[in-house]
Amino acid sequence: NLANIARDCQISRTTVEAHLGILEDLLLGWRLPVFTRRAKRALAAHPKFYFFDTGIYRANRPKGPLDSAGEIAGAALEGLVAQHLRAWCAYSPDGSAMHYWQTRSGVEVDFVLYGSGGLHAIEVKNSAEVRPQDLRGLQAFGEDYPEASRLLLYRGRDRFERSGTLCLPVAEFLGDLHPGNWPVAVR
């Protein structure tokens, strides 16, 4: 959130915007737009920013006594999946575009892929277990877009379905992700 960054740094929002623009121009980062097609709810208005590499994120993220290792690793895992999905979109012939979805009330889906290959909602969790609250964003997205396939990627080992959402180990998903081919297990 640019306003939060500006407030924390005590600089204007436009200055933060300009600095992020420089990072994008240098190919050090990129922005993920909000998925707004046929939106039924009030959604976030600003894109998310990702560094081009998860290692850069981990090296640059401030760390202190109030930061948990899980919090940092969760964002890094999400960034790793983002890198793979971004490459998949760039090299796949179906013209899929990557977005994220977030309501103004804070309900979020990390990634939404939209193109001739379908509509896919993906949530990434840095946990070995899937809790009911982990599915909340995907369930809300499914209410608005029932035609979407919903996928939760997590650090566990088992593949299962819960509440209409396929829960899949992140390593398995990334291993099966190839340009032009959405992983067969997810279809």
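Because only heavy atoms are used, hydrogens play no part in the values below, and waters and symmetry mates are left out as well, while side chains stay in. The model shown is predicted, which means the values in this text are computed figures rather than measured ones.
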(request) Mind telling me whether F141 and F35 have parallel, tilted or perpendicular rings, with 30° and 60° as the class edges? (result) tilted
From [X] atom [atom1] to [Y] atom [atom2], the distance as rounded to the nearest 0.5 Å:
| X | Y | atom1 | atom2 | result |
| --- | --- | --- | --- | --- |
| E123 | W101 | CD | CH2 | 10.5 Å |
| E108 | L138 | CD | CG | 10.5 Å |
| D110 | L153 | CG | CG | 9.0 Å |
| W30 | E24 | CH2 | CD | 10.5 Å |
| L32 | R86 | CG | CZ | 9.5 Å |
| E143 | R41 | CD | CZ | 5.5 Å |

(request) Any chance you could lay out the side chain to side chain contact (heavy atoms under 4.5 Å, CB included) test for R131 and Y154, step after step, and finish with the verdict? (result) CA-CA 11 Å; R131 301 167 300 169; Y154 75 116; over 6 Å; no
(request) May I ask you to check whether over 12 heavy atoms, not counting those of E161, lie within 6.0 Å of atom CD? (result) yes
(message) Within a 6.0 Å radius of atom OH on Y100, are there more than 12 heavy atoms belonging to other residues, nucleotides or ligands?
(response) yes
Using every non-hydrogen atom in the two residues, find where [X] and [Y] come nearest and quote the distance to one decimal.
| X | Y | answer |
| --- | --- | --- |
| D134 | E129 | OD2-O, 3.8 Å |
| P33 | M98 | CD-O, 3.7 Å |
| I122 | V109 | O-CG1, 3.5 Å |
| V107 | G137 | CG1-CA, 3.6 Å |
| P169 | D158 | CD-O, 3.6 Å |
| H178 | W88 | O-NE1, 2.9 Å |

(message) Could you go through V170 and R155, starting from their C-alpha distance and side-chain angles, then the distance that decides it, and tell me whether this counts as side chain to side chain contact (heavy atoms under 4.5 Å, CB included)?
(response) CA-CA 6 Å; V170 67; R155 302 280 298 239; 4.2 Å; yes
(message) What verdict does the side-chain hydrogen bond (donor to acceptor under 3.5 Å, both in side chains) test give for D94 and S92, after you've listed the backbone C-alpha separation in whole Å, the side-chain angles of each residue and the deciding distance to 0.1 Å?
(response) CA-CA 6 Å; D94 76 347; S92 291; 4.9 Å; no
(message) Can you see whether S163 engages T165 through a side-chain donor-acceptor pair at a distance of less than 3.5 angstrom?
(response) no
Any [X] side-chain heavy atom under 4.5 Å of [Y] side chain:
| X | Y | answer |
| --- | --- | --- |
| C89 | L113 | yes |
| Y50 | E78 | yes |
| V34 | Q102 | no |
| V130 | K125 | no |

(request) Determine, stepwise, if the pair L85 / F173 fulfils side chain to side chain contact (heavy atoms under 4.5 Å, CB included). (result) CA-CA 11 Å; L85 289 173; F173 175 81; 4.0 Å; yes
Do side-chain atoms of [X] reach the backbone of [Y] as a donor and acceptor pair under 3.5 angstrom?
| X | Y | result |
| --- | --- | --- |
| S12 | T15 | yes |
| R162 | C167 | no |
| Y114 | H99 | no |

(message) Do the side chains of E147 and R38 get close enough for a salt bridge, i.e. N-O under 4.0 angstrom?
(response) yes
(request) Inspect the contact between R31 and E17 and indicate whether a charged nitrogen and a carboxylate oxygen are less than 4.0 angstrom apart. (result) yes
(request) Report yes or no: do L27 and F49 belong to one cluster of Ile/Leu/Val/Met/Phe/Trp/Tyr joined by side chain heavy-atom distances under 4.5 Å? (result) no
(request) Determine whether Y91 and L177 fall in the same hydrophobic cluster, where Ile, Leu, Val, Met, Phe, Trp and Tyr are linked whenever their side-chain heavy atoms lie under 4.5 Å apart. (result) no
(message) Assess the residue pair L80 and L174 against the criterion (side chain to side chain contact (heavy atoms under 4.5 Å, CB included)); give the C-alpha distance rounded to whole Å, side-chain angles, the decisive distance to 0.1 Å, and a yes or no.
(response) CA-CA 10 Å; L80 177 68; L174 293 178; 4.2 Å; yes
